[in-house]
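What follows is a set of notes on a single structure, which appears directly below.
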Amino acid sequence: MENENGESSNNNNNARLAIMELANMISVPMSLNAVVKLKVADAIWQNGSNAPLSPVEILAKIRGPQGGGDAENLQRILRMLTSYGVFKEHVVDDSSQRRYSLTEVGKTLVTDENGLSHGSYVLQHHQDALMRAWTMVHEAVNDSSIEPFVKANGEPAYNYYGKNSEMNSLMLNAMSGVSVPFMKAILEGYDGFQGVKTLVDVGGSGGDCLKMILDKHTNIELGINFDLPEVVEKAPQIPSIKHVGGDMFDYIPKGDAIFMKWILAIFTEDECKQIMKSCYNALPEKGKFIICDPVLPHHTDDSKRTRALLEIDIYGMAIYRAQGKHRTEEEYRQLGRAAGFTDCKGVYIDHFFTILEFYK
């Protein structure tokens, strides 16, 4: 009986600890936001040295000659993020002096030679307008016809970004910081572009991803970057790429293969069917529709990948489209069949995205 009571008491204690951690979880992203704003990762990395530094030394690097700052508060932030694997803590013997270096997670925040990192992705998620929306996530349950972002800010997120050049620039940098490493991974591990002569990238923005594909796969003679007219009119001229403006609900340019990255998750079932039907109509017999999305697993577990996928799904619900959603492979397969495609195959999975091929 004592063992049973002891086990029950231990379970209760663990449950209370778990809910305390969840209730205070906002400390994690906001502390991450703080170290990105302070450029802590770049200060520690120092062109690859990654030598452990004390909070005082880090402050000296990020604040420069002006000095100042509170090293103790910086240490509190670093300790907490260390517990989540962002930094590695170095303590000499029993000394109270703590030093910090970057883990593999922390290195994703280091600015590369192109000025990119996952830091912009962190900052983009925690702007004031988005934070206001997070307090209204429950409203997506009460009334899914209006996004929490709209209820908090009075208009859809993309309209809001369009009126704020700083927010729009941050969003574009955030997407580049995520997309470029992913596209490099695709080009190393996915061979589905072989044999394609004309490739259409739907929602390709400035054509950066399409250019990476064409640089790797020289068999592609023409890349068509298809996006809204106001987007492609600002796109730079790129050899072998034609920029075409239009609405994917109306039509999609013809090609041997159509590529679409992280687009369908903000649309409803009926809208997805309509978009996929447009893709079907634009393809020749035996043509291929390639989508690249964060595809949800069928079973829910507590792995980092599953949590990241489910978290980004809630982000999309709160900010962009309450009636859109991320989907499982089977859900995508059913949408493809409704649009006319005969088969669907998951052919490549990286740390976050899945590539699905649909065949005409």
Side-chain angles (χ1 to χ4, degrees), residues 13-14 16-128 130-131 134 170 173-174 176-178 180-181 302-308 310-312 314-315 351-352:
N13 288 338
N14 288 337
R16 285 191 286 268
L17 279 173
I19 201 65
M20 287 291 288
E21 180 184 9
L22 288 170
N24 289 289
M25 193 69 78
I26 193 171
S27 299
V28 181
M30 298 318 296
S31 292
L32 201 58
N33 200 57
V35 299
V36 172
K37 286 186 173 182
L38 292 167
K39 303 186 186 307
V40 170
D42 288 340
I44 296 175
W45 185 242
Q46 289 296 301
N47 299 316
S49 70
N50 199 27
L53 299 178
S54 70
V56 171
E57 292 168 328
I58 294 171
L59 270 179
K61 289 183 178 295
I62 62 181
R63 293 186 62 82
Q66 67 178 326
D70 192 315
E72 178 60 30
N73 282 347
L74 176 58
Q75 176 163 281
R76 293 162 72 183
I77 291 171
L78 295 173
R79 285 198 70 183
M80 194 275 292
L81 290 176
T82 294
S83 75
Y84 281 91
V86 180
F87 299 99
K88 180 178 180 181
E89 188 175 75
H90 307 261
V91 181
V92 180
D93 300 325
D94 293 329
S95 168
S96 60
Q97 175 74 276
R98 302 174 192 271
R99 294 176 179 271
Y100 298 89
S101 61
L102 301 175
T103 63
E104 290 303 310
V105 177
K107 290 174 187 177
T108 66
L109 303 177
V110 174
T111 307
D112 68 13
E113 65 276 8
N114 298 313
L116 300 176
S117 78
H118 277 65
S120 293
Y121 187 74
V122 172
L123 295 178
Q124 196 267 332
H125 276 55
H126 301 99
Q127 298 171 94
D128 291 346
L130 280 73
M131 295 303 294
W134 278 116
L170 181 57
N173 284 340
S176 295
V178 172
V180 170
D302 62 357
S303 68
K304 289 188 184 301
R305 184 171 191 272
T306 295
R307 282 180 170 171
L310 294 174
E311 287 161 2
I312 198 67
I314 302 302
Y315 173 77
H351 64 288
F352 187 70

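Source: prediction; values computed, not measured. Note that these values count all heavy atoms, side chains included, but never hydrogens, waters or copies made by symmetry.
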(request) Could you pull out the closest heavy-atom pair between Asn73 and Arg76, with the gap in Å? (result) OD1-NH1, 2.9 Å
(request) For the residue pair Phe352 and Ile312, establish whether any side-chain heavy-atom pair is separated by less than 4.5 Å. (result) yes
(request) Walk me through it: do Leu109 and Leu32 pass the test side-chain contact (heavy atoms from CB on, under 4.5 Å)? (result) CA-CA 10 Å; Leu109 303 177; Leu32 201 58; 4.0 Å; yes
(request) Report the residues that fulfil side-chain contact (heavy atoms from CB on, under 4.5 Å) with Asn47, sequence neighbours left out, ordered by chain and then residue number. (result) none
(request) Flag yes if more than 12 heavy atoms outside Met20 fall under 6.0 Å of its CE atom; otherwise flag no. (result) no
(request) State, yes or no, whether a side-chain contact exists between Val40 and Leu78 at a heavy-atom distance under 4.5 Å. (result) yes
(message) side-chain contact (heavy atoms from CB on, under 4.5 Å), that's the test. Do Tyr121 and Leu116 meet it? Break it down for me.
(response) CA-CA 10 Å; Tyr121 187 74; Leu116 300 176; over 6 Å; no
(message) If you compare all heavy atoms of Pro29 against all heavy atoms of His126, which two are closest, and at what distance to 0.1 Å?
(response) CB-NE2, 3.2 Å
(request) Apply ring-ring contact (aromatic ring centres under 6.0 Å, His included) to Tyr84 and list each qualifying residue two or more places apart in sequence or on a separate chain. (result) none
(request) Looking only at non-hydrogen atoms, find the nearest pair between Ala41 and Gly106 and report the distance. (result) CB-O, 4.0 Å
(message) My understanding is that only one of Ile58, Ile62, Ile77 makes a side-chain contact (heavy atoms from CB on, under 4.5 Å) with Val35; could you say which?
(response) Ile77
(request) Return each pair, listed once, that meets side chain to side chain donor-acceptor pair (under 3.5 Å) where at least one residue sits in residues 27-40; pairs must be two or more places apart or across chains. (result) none
Mind listing the side-chain donor-acceptor pairs of residues 85-92 below 3.5 Å, one per line with the distance, residues two or more places apart or on another chain?
{"unit_1": "Glu89", "atom_1": "OE1", "unit_2": "Arg98", "atom_2": "NH1", "d": "3.1"}
{"unit_1": "Glu89", "atom_1": "OE2", "unit_2": "Arg98", "atom_2": "NH1", "d": "3.3"}
{"unit_1": "Glu89", "atom_1": "OE2", "unit_2": "Tyr100", "atom_2": "OH", "d": "3.0"}
{"unit_1": "His90", "atom_1": "NE2", "unit_2": "Ser101", "atom_2": "OG", "d": "2.8"}

(request) Verify, without hydrogens or angle tests, whether Glu21 (side chain) and Ala18 (backbone) share a donor-acceptor contact under 3.5 angstrom. (result) no
(request) Hey, could you give me the CG/CG distance between Leu22 and Asn24, rounded to the nearest 0.5 Å? (result) 9.5 Å
(message) Suppose the criterion is side chain to side chain donor-acceptor pair (under 3.5 Å): which pairs have a residue in residues 108-120, not counting sequence neighbours?
(response) Asp42-Thr111
(message) Checking Ser303 now: which residues fulfil side-chain contact (heavy atoms from CB on, under 4.5 Å) with it, not counting sequence neighbours?
(response) Asp301, Arg305, Thr306
(message) Nearest 0.5 Å, please: how far is CE in Met131 from CG in Asp128?
(response) 8.5 Å
